[in-house]
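Below you'll find the structure, written out as structure tokens, and then a few comments.
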Amino acid sequence: MQERVQRLVGDDTKGMWVGTFHSAFARLLRVEGDKIGYSEDFSIYDTSDSKRLIRQQMQGRNLDRDVVKPRAAQRMISSAKNEMIGPREYAELARGDQQEMVAEVYPAYERALKQANALDFDDLLLKPIELFEQHEDVLEKYQRRWTHVHIDEYQDTNQAQYVLARKLAGRHKNLCVVGDDAQSIYAFRGADITNILNFEQDYPDATTIRLERNYRSTKNIIRLADSIIEKNDDQIEKSLWTDNVEGEYVALMEALSEKDEAQKVERRIRDLQLREGLEYGDFAVLYRTNAQSRAIEEALRTENVAYRVIGGTSFYERKEIKDVLAYLKLLVNPNDTASLQRIINYPTRGIGDKTQERLQRYAQQNNLSLWQAVERVEEIETLGTRAERAVGTFRRLIARYASKAGTGSTPPDELARDLIQDAGLLSELRKEHTRENLQRWENVQELISALAEYVESTEEATISTFLQEVALLTDQDEADDEGDKVTLMTLHAAKGTEYPVVFVAGLEEGLFPLEKATQEKSELEEERRLFYVGVTRAEQRLYLSWARSRYRYGEQQSNTRSRFLEEVDSDVVRTEAGGELEQQTDRFKAGGAPDSSRDYDEMDPHYYRQDLSGDGGSGSSDDGLRRIESTDGDSGRRVVYDEGRGTIVPGARVEHSKFGQGKVQSVEGEGEKATAVVFFGSDVGNKKLKLKYAKLRVVG
DNA sequence: TCGCATTCCGTTTTT
DNA sequence: CGGAATGCGA
């Protein structure tokens, strides 16, 4: 992309910039932030830093965490910011306990951020708007510098990005956006599809060019994609076409468990690689949630198939990395309270909860940042001598390195290495010789190397710029790791990529679409667009897979296959055996279908007598119920199928005293805790029932 | 204050 | 299941 843009613009790339909104405006704020009260060394807070700050504000004000948890509060505040609703306006709009409490925390959170000289992700867009509004001249400067503005994936822009684009393009009116409403998958984080839908109204002179020819995929894949997206009511009419070949059928793979699914994927990859001469780099495995990567990784690892995982707990999200980063942030920006709290007592140095509380109280009372309180330990009367000494030692450690960093005489990587050594971080990791600790230690070394490399390769590199860049790394940045490897990622991370062979795994009700997203039409349609995004990543071959059972929350859960599979054009799909896809178009109608026993027959407990992993066994228990057990391979987890309640299985038709007849969608837990999700027709919808209480009668 | 044990709790998806 | 938050004894 960057290359292509460069070719368009020519060699004179002065003033040109390619990247995300966030990193563009973070850099802009570095230069211009002082005009609205931020020094260039501001910290960038990720979601967990924000959460930490919010939790603290709630504690400070004695707010009941049962009403709103910090995590929820963080999300609510973030959404508000995405819609450009400030604390004052929020307070006016707040309705109900939760929102009213958030209304109380929101302004305090904003003050805390300010005091920490920190910006959260949302601020990186909001503050530039503030800046442009208060300083016309700055806006003008950038309008002149960036005479043309191009925005890709415009369907994923939010309100703030919309305003920024409008402002920047305000002078030259050279704005070009590319987007596809069918690929809008970020509504949950404030992306506003109306930005793209109303573009022609907002810019009446705009020319619209429809891109309806697909150069990527085979006819079969496009037919499948079309059949998916046409189920959405909310969309712009398009007719896609391609000159590409018909191609292979789309294959549907059915597995017994997530492990089985992973193995099937792995075998298929190796098979294609050998027979079709494909490389590992030609394959992508896509899934709905990051947790699903584990099973697939395991299968690939056992067979020595090289792979890379995009996203998930990425390198920079690991605890040990965040710890080191927190030390570095503190050097650069001592008022960064979230970072200070993170490491003030890690490794433990005698500054426990009580001492921290007292520091905090002192800071609040004297309107100081936490670090400023640390600097004045001697004045804090509530502290004993032992605590005072511990805090003093810590203060001197940080101050020593901060001044070293200030003079710039020591190379940043060397400074960082010495600091974490002195702070005891390295010896903490060497304390116990476990494999995990060794890995963590290596990760820390890798971070330092990354810092060294960054300093080497970047003009005017400082620790501060490094930290700001690192905070904004995206999944896509991780992707260009070289090497011939299978790529594993979430469907969200797959946006904008393409691969000869694509697997979309985990097509099960409750997982994809996610249970939570099935109630609201708009959310279900977003899930469907996500499915659309997934299948349109494929160039040559597409595999869809689902597993009859899957571990979730450490419990085994049985599943029915995703409703999306019942919706697709079955003419282009074949099962693994080469058979046609049998769809159950009526499965969501409650009235009872002629073939409704089909699922049930397949779910007969005997079905599971087939050994899942090679070393299973069976047994019986003493409660009078016959059970079939198998031990699930290396995990040693016991899989128990309870024949006593046996008939309540996915697919079974049941009757409830209040809701009437319905169809079991999934069953979770066992014994006392067993629950089932039952669909009672479109009026009632899905209900989650405890089998212990809900007396379900099996009918038919 | 620390360290261990126990309980609790959750999963979307991400800049 | 696994990580984080809480509780308790030393």
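Convention: sequence-line order gives letters A, B, ...; per-chain numbering from 1.
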Inset, instruction - For nucleotides C/dA4 and B/dT13, find the distance between their P atoms and express it as a whole number of Å. - result: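 Each nucleotide's P atom is 15 Å from the other's.
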Inset, instruction - Please figure out whether A/Glu523 or A/Arg386 has its closest DNA chain B nucleotide nearer the 5' end. - result: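 Per heavy-atom nearest nucleotide, the more 5' residue is A/Arg386.
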Legend entry - 5'-most by nearest nucleotide on DNA chain B - A/Gly352 or A/Ala517: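 Between the two, 5'-proximity favours A/Gly352.
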OP1 or OP2 of [N] sitting under 4.0 Å from any side-chain N/O of [X]?
{"X": "A/Asn82", "N": "B/dT15", "value": "no"}
{"X": "A/Arg294", "N": "C/dC1", "value": "no"}
{"X": "A/Lys69", "N": "B/dG10", "value": "yes"}
{"X": "A/Asn290", "N": "B/dT13", "value": "yes"}
{"X": "A/Thr490", "N": "B/dT14", "value": "yes"}

Calculate the interatomic distance between [X] atom [atom1] and [N] atom [atom2]; express it in whole Å.
{"X": "A/Lys319", "N": "C/dA5", "atom1": "NZ", "atom2": "P", "answer": "12 Å"}
{"X": "A/Gln556", "N": "C/dC1", "atom1": "CD", "atom2": "C1'", "answer": "13 Å"}
{"X": "A/Lys259", "N": "C/dC1", "atom1": "NZ", "atom2": "P", "answer": "13 Å"}
{"X": "A/Lys354", "N": "C/dT6", "atom1": "NZ", "atom2": "P", "answer": "14 Å"}
{"X": "A/Glu317", "N": "B/dT13", "atom1": "CD", "atom2": "P", "answer": "11 Å"}
{"X": "A/Arg358", "N": "B/dT1", "atom1": "CZ", "atom2": "C1'", "answer": "11 Å"}
{"X": "A/Gln74", "N": "B/dT12", "atom1": "CD", "atom2": "P", "answer": "13 Å"}
{"X": "A/Tyr316", "N": "B/dT14", "atom1": "OH", "atom2": "P", "answer": "18 Å"}

Sugar-phosphate, base or nothing in reach of [X], heavy atoms under 4.0 Å:
{"X": "A/Arg529", "value": "nothing"}
{"X": "A/Asn345", "value": "sugar-phosphate"}
{"X": "A/Tyr186", "value": "sugar-phosphate"}
{"X": "A/Asp46", "value": "nothing"}
{"X": "A/Lys51", "value": "nothing"}

What's the closest nucleotide to the [X] side chain, out of [options]?
{"X": "A/His22", "options": "B/dT12, B/dT1, B/dT15", "value": "B/dT15"}
{"X": "A/Arg55", "options": "B/dT12, B/dT13, C/dA5", "value": "C/dA5"}
{"X": "A/Thr348", "options": "C/dA5, B/dT12, B/dG3", "value": "B/dG3"}
{"X": "A/Phe188", "options": "B/dT15, B/dT13, B/dT1", "value": "B/dT13"}
{"X": "A/Thr20", "options": "B/dG10, B/dT15, B/dT14", "value": "B/dT15"}

Inset, instruction - Spell out yes or no: do the side chain of A/Thr47 and the base of B/dT15 have one donor N/O and one acceptor N/O closer than 3.5 Å? - result: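 For A/Thr47, whose side chain was compared with the base of B/dT15, there is a donor-acceptor pair (under 3.5 Å).
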Inset, instruction - Answer with yes or no whether A/Arg189 presents, from its side chain, a donor or acceptor under 3.5 Å of a partner atom in the base of B/dT13. - result: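 Per atom types, no contact qualifies.
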Between the side chains of [X] and [Y], is a donor N or O closer than 3.5 angstrom to an acceptor N or O?
{"X": "A/Gln468", "Y": "A/Arg30", "answer": "yes"}
{"X": "A/Glu153", "Y": "A/Gln183", "answer": "no"}
{"X": "A/Ser48", "Y": "A/Lys322", "answer": "yes"}

Is NZ or CZ of [X] both nearer than 6.0 Å to the six-membered ring centre of [Y] and within 45° of the ring axis?
{"X": "A/Arg529", "Y": "A/Tyr532", "result": "no"}
{"X": "A/Lys127", "Y": "A/Phe42", "result": "no"}
{"X": "A/Lys319", "Y": "A/Tyr346", "result": "yes"}

Legend entry - Heavy atoms of other groups near A/Arg301 CZ, more than 12 under 6.0 Å: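 Yes, the 6.0 Å shell around CZ holds more than 12 heavy atoms from other groups.
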